[in-house]
Amino acid sequence: MSYTINLTEGIMTFTIDRPHIRNAINDEVTMGLEELVEKAQHPSVRAVIITAAGKQAFCSGGDLSVFHALRTEEQAYGMLKRMSEVLYSIKTLPVPVVAVVNGAAVGGGCEIATACDYRLVWDHAKCGFIQGTLAITSGWGGGTYLLETLQHDKALQMLSEAKVYTASELKESGWASAIIRSDQDIIDFFKSMKKVHPDVHRAYKEMAIRKWQKTDLKERVEQEVRRCAILWEKDAHHDAVDGFLNKTKK
Ligand SMILES: CC[C@H](C(=O)O)C(=O)SCCNC(=O)CCNC(=O)[C@H](O)C(C)(C)COP(=O)(O)OP(=O)(O)OC[C@H]1O[C@@H](n2cnc3c(N)ncnc32)[C@H](O)[C@@H]1OP(=O)(O)O
């Protein structure tokens, strides 16, 4: 399996398990995230963690060896729409969602982490919205969520520069909730969370979800998906993906 889902002491952990391909997202992982959304509705779940196997990557975005077969706007829209719906469901889970960024989070990987409420970033991890290097925008909702999360100029810079940032830069910009230097740092984060009754955390998530519903977050994500699909069809995108795939074959 390309992922695991575990529940321990009320905390449900989803782990992407494709380290050989830097935990890139394929159809199986997408189905796993859909399964996570369903299982996380159980009342015994007080928080969700999304992380990945290994130390090299949290997630390198869409699996280009698979998704490069998507050539047209319509074909791209289908994949982008499905993942955008998964990430919106993750973002609006009724409990806190924590990305434990165990390594590089780039492209769609950065979008997944940005859909979470908190981002605990290991000090060696580098993250960035590198979609621009492939002549597309974010397309799973991550750009919309970043503009919700960061100060406007920081968000626009992170999206349009299409580069990777160090953990300390990510903490400075406000994207990283905390920098992780040991497993104890993660334990301490959840120890602090557990000092407050789960119902309080649920109540505050309800407040955030109400705000997102009132500000048409879902519709803003849909516009992002459609815009990305338009760019996906263009030669500039396909040429950039071919360049990446040929580079790694050398
Ligand atoms: C809307 C979201 C959008 C989408 O696709 O839907 C995107 O996510 S666009 C962005 C797509 N992702 C990328 O462009 C990232 C590509 N990967 C990298 O930049 C690097 O692999 C990195 C920084 C994640 C890790 O670098 P490192 O040097 O540690 O590893 P390698 O580059 O040598 O990669 C090892 C191995 O994995 C393959 N690989 C890595 N990422 C992907 C990917 N996203 N899709 C397919 N394959 C990937 C890479 O080709 C290497 O394969 P190998 O056969 O071992 O040469």
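We count ligands from 1, going down the list as the structure has it; atoms in each ligand are counted the same way. The chain is numbered in sequence order, starting from 1.
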N/O donor-acceptor pair under 3.5 Å between Lys205 side chain and Leu93 backbone: yes
Donor-acceptor under 3.5 Å (Thr15 side chain, Asp17 main chain):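 Judged by distance alone, no pair lies under 3.5 Å.
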Within-cut-off N or O pair, Val106 and ligand 1, under 3.5 Å: no
Heteroatom distance test (Gln56, ligand 1): nitrogen or oxygen, under 3.5 angstrom: no
Selected option - heavy-atom contact closest to atom 1 (C) of ligand 1, from Glu111, Glu224, Lys126: Glu111
Neighbour count >12 (heavy atoms, 6.0 Å) for atom NZ, Lys194: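 Enclosed.
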Other residues, nucleotides, ligands: >12 heavy atoms within 6.0 Å of Phe190 CZ: yes
Non-hydrogen atom of Met79 closer than 4.0 Å to ligand 1: yes
Within-shell test, Met83 vs ligand 1, heavy atom, strictly < 4.0 Å: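 No, Met83 has no heavy atoms under 4.0 Å from ligand 1.
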For ligand 1, which atoms have a heavy atom of [X] less than 4.0 angstrom away?
{"X": "Gly139", "value": "1 (C)"}
{"X": "Ile130", "value": "13 (C), 14 (O), 15 (C)"}
{"X": "Asp63", "value": "45 (N), 46 (C)"}
{"X": "Leu134", "value": "9 (S), 10 (C), 11 (C), 14 (O)"}
{"X": "Gly61", "value": "8 (O)"}
{"X": "Gly108", "value": "2 (C), 7 (C), 8 (O)"}
{"X": "His20", "value": "36 (C), 37 (O)"}
{"X": "Ser60", "value": "11 (C), 12 (N), 13 (C), 15 (C), 24 (C), 41 (N), 42 (C), 43 (C), 44 (N)"}

Distance-only donor-acceptor check, side chains Asp188 and Gln184, under 3.5 Å: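 Yes, a side-chain donor-acceptor pair sits under 3.5 Å.
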Distance-only donor-acceptor check, side chains Thr137 and Glu224, under 3.5 Å: no
Trp232 contact mode with ligand 1 (heavy-atom cut-off under 4.0 Å):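 It is the side chain that touches ligand 1; the backbone stays farther off.
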Trp122 six-ring centre to Lys55 NZ/CZ under 6.0 Å and within 45° of normal: yes
Between CZ on residue Arg18 and CG on residue Asn26, distance to nearest 0.5 Å: 3.5 Å
Test applied, side chain to side chain contact (heavy atoms under 4.5 Å, CB included); reference residue, Arg119; option that passes from Ile50, Val100, Thr149: Thr149
